[in-house]
**Q** 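First the structure, then my questions, so here it is.
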Amino acid sequence: MSIENELRELAKQYSQSLGNQIDRRVAEMQDDDRSHFLIYRVLGVTTLEGKMIDIYQNKGRFLYKYAGSFLEEATKLCFNHKFPDSGTVKIPNTIGQRPKTFEIDCLVESDAIEIKWRDATTDGDHINKEHTRIKVISAAGYKPVRVMFYNPNRTQARRIQETLETLYQGVGGEYYRSDNAWDYVNRYTGIDLKAILETIAEENMHENN
């Protein structure tokens, strides 16, 4: 099967799972206690608006989770297509006690690639945890590489990503984000992942119209 069709099948699987998850949650919500809508109304939000907000808040949580998981798996497929021996690997934490292991999303030869669709964290502790992770990876003889396809929108989240980029460079690693992330995958694997996903998105839009 071509990589294009593999990605198309992966997208279909994720789309169906996402739809099923959302349908189940919306059905469950029909029996939810809505007594908190009193506070919504006090704040000028109608019962109908409150109901839709709660529904879309739940839909959003599932969508973000599935979007990130899909793009990570799609990226792994590209690397695995080019490098069949690549894959996810866990290595022991040789610096601290927690966590006991760190996971490398995709190990390609000596490149330990972490794949993020978008990291919007504003938690300062995230920097310390990530710094420990990349030091452990570097000490294990691998080169830490971070690939993040979409920049966060909030200023504080962007600053954290800038700090992480500096940390990666400090241990001899590499950091790619936004267009550079798509270009990195394309150069490394010879697969234009973004172009394929744009084609699949267009196909889906035509089917839904």
Side-chain angles (χ1 to χ4, degrees), residues 7 10-11 14 18 57 59-80 83 86-91 93-96 98-189 191-198 201:
L7 289 168
L10 183 68
Y14 269 83
L18 173 60
Q57 182 185 40
K59 285 186 175 182
R61 287 171 53 213
F62 288 126
L63 177 59
Y64 297 151
K65 175 184 176 182
Y66 275 76
S69 295
F70 165 75
L71 190 48
E72 179 180 328
E73 288 302 316
T75 306
K76 287 180 181 179
L77 267 181
C78 292
F79 282 106
N80 192 251
F83 305 95
S86 66
T88 302
V89 174
K90 287 186 178 181
I91 60 172
N93 183 352
T94 55
I95 294 178
R98 299 181 62 183
K100 290 184 178 180
T101 62
F102 286 105
E103 184 170 282
I104 297 171
D105 290 336
C106 188
L107 183 62
V108 183
E109 297 176 346
S110 63
D111 290 342
I113 304 170
E114 181 184 21
I115 304 165
K116 293 286 187 184
W117 88 292
R118 182 173 65 174
D119 188 350
T121 183
T122 56
D123 180 5
D125 289 341
H126 182 66
I127 295 174
N128 294 330
K129 293 174 184 176
E130 186 66 10
H131 195 193
T132 300
R133 195 185 74 84
I134 61 178
K135 285 196 296 184
V136 168
I137 289 172
S138 182
Y142 303 122
K143 178 170 68 176
V145 180
R146 184 177 176 91
V147 177
M148 187 176 73
F149 294 98
Y150 297 102
N151 280 318
N153 291 318
R154 303 283 78 82
T155 300
Q156 179 62 17
R158 284 176 175 267
R159 286 175 181 163
I160 284 179
Q161 293 308 312
E162 290 168 0
T163 301
L164 290 179
E165 184 171 4
T166 301
L167 293 177
Y168 269 80
Q169 293 169 348
V171 297
E174 299 174 4
Y175 186 111
Y176 302 93
R177 54 179 162 168
S178 194
D179 289 343
N180 289 333
W182 298 104
D183 290 343
Y184 173 79
V185 175
N186 194 356
R187 289 197 314 271
Y188 208 133
T189 68
I191 298 167
D192 192 342
L193 176 59
K194 187 175 184 180
I196 295 172
L197 296 184
E198 286 174 340

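What you see below is based on every heavy atom in this structure, not just the backbone, and it leaves out hydrogens, waters and symmetry mates. We count residues from 1, following the sequence as given.
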**Q** Hey, what do you get for CD (Gln57) to CZ (Phe62), rounding to the nearest 0.5 Å?
**A** 11.5 Å

**Q** Looking at Glu130 and Arg133, is any side-chain nitrogen of the basic one under 4.0 Å from a carboxylate oxygen of the acidic one?
**A** yes

**Q** Would you check if Asn153 and Arg118 make a side-chain contact, meaning some heavy-atom pair closer than 4.5 Å?
**A** yes

**Q** Would you say Asp105 and Glu114 make side-chain contact, with heavy atoms under 4.5 Å?
**A** yes

**Q** Measure the CZ-OG1 distance between Phe102 and Thr132 for me, rounded to the nearest 0.5 Å.
**A** 6.0 Å

**Q** Mind checking the CZ-CD1 spacing from Arg154 to Ile160? Nearest 0.5 Å is all I need.
**A** 13.5 Å

**Q** Assess whether side chain to side chain contact (heavy atoms under 4.5 Å, CB included) is satisfied between Asn93 and Lys100, documenting all intermediate values.
**A** CA-CA 5 Å; Asn93 183 352; Lys100 290 184 178 180; 5.8 Å; no

**Q** Measure across Ile104 and Ile113 and return the closest heavy-atom pair with its distance rounded to 0.1 Å.
**A** CG2-N, 3.9 Å

**Q** Side-chain contact test, heavy atoms from C-beta onward, threshold under 4.5 Å: evaluate it for Phe149 versus Val185 and give yes or no.
**A** yes

**Q** Could you tell me how the ring of Trp117 sits relative to the ring of Tyr150: parallel (under 30°), tilted (30 to 60°) or perpendicular (over 60°)?
**A** perpendicular

**Q** Counting C-beta onward and ignoring hydrogens, is there a side-chain heavy-atom pair between Asn151 and Arg158 closer than 4.5 Å?
**A** yes

**Q** Side-chain contact test, heavy atoms from C-beta onward, threshold under 4.5 Å: evaluate it for Lys194 versus Asp192 and give yes or no.
**A** yes

**Q** If we check side chain to side chain donor-acceptor pair (under 3.5 Å) with Tyr175, which of these qualifies: Gln161, Gln169, Glu165?
**A** Gln161

**Q** Quick one: closest heavy-atom pair of Leu18 and Tyr66, and the distance?
**A** N-CE2, 3.7 Å

**Q** If you round to the nearest 0.5 Å, how far is CZ of Phe70 from CG of Leu63?
**A** 12.0 Å

**Q** Can you confirm whether Val171 sits close enough to Ile137 that some side-chain heavy atom of one is under 4.5 Å from a side-chain heavy atom of the other?
**A** no

**Q** At what distance, to the nearest 0.5 angstrom, does CD1 of Ile95 lie from NZ of Lys135?
**A** 5.0 Å

**Q** So, does Asn80 use its side chain to make a donor-acceptor pair with the main chain of Ser86 at under 3.5 Å?
**A** yes

**Q** State the NZ-CZ distance between Lys116 and Arg177, to the nearest 0.5 angstrom.
**A** 15.0 Å

**Q** Evaluate the side-chain proximity of Ile115 to Leu71: yes if any heavy-atom separation is below 4.5 Å, no if none is.
**A** no

**Q** Parallel, tilted or perpendicular: which describes the rings of Phe79 and Tyr184, with under 30° parallel and over 60° perpendicular?
**A** tilted

**Q** Does the pair Tyr188 and Val147 meet the rule for a side chain to side chain contact (heavy atoms under 4.5 Å, CB included), with working shown?
**A** CA-CA 12 Å; Tyr188 208 133; Val147 177; over 6 Å; no

**Q** Kindly indicate whether the side chain of Cys106, heavy atoms from C-beta on, has any atom under 4.5 Å from the side chain of Thr75.
**A** no

**Q** Give the C-alpha distance, both sets of side-chain angles, the deciding distance and a yes or no for side chain to side chain contact (heavy atoms under 4.5 Å, CB included) between Leu77 and Ile191.
**A** CA-CA 10 Å; Leu77 267 181; Ile191 298 167; over 6 Å; no

**Q** Would you say that more than 12 heavy atoms from the other residues, nucleotides or ligands in this model lie under 6.0 Å from the CZ of Arg187, or not?
**A** yes

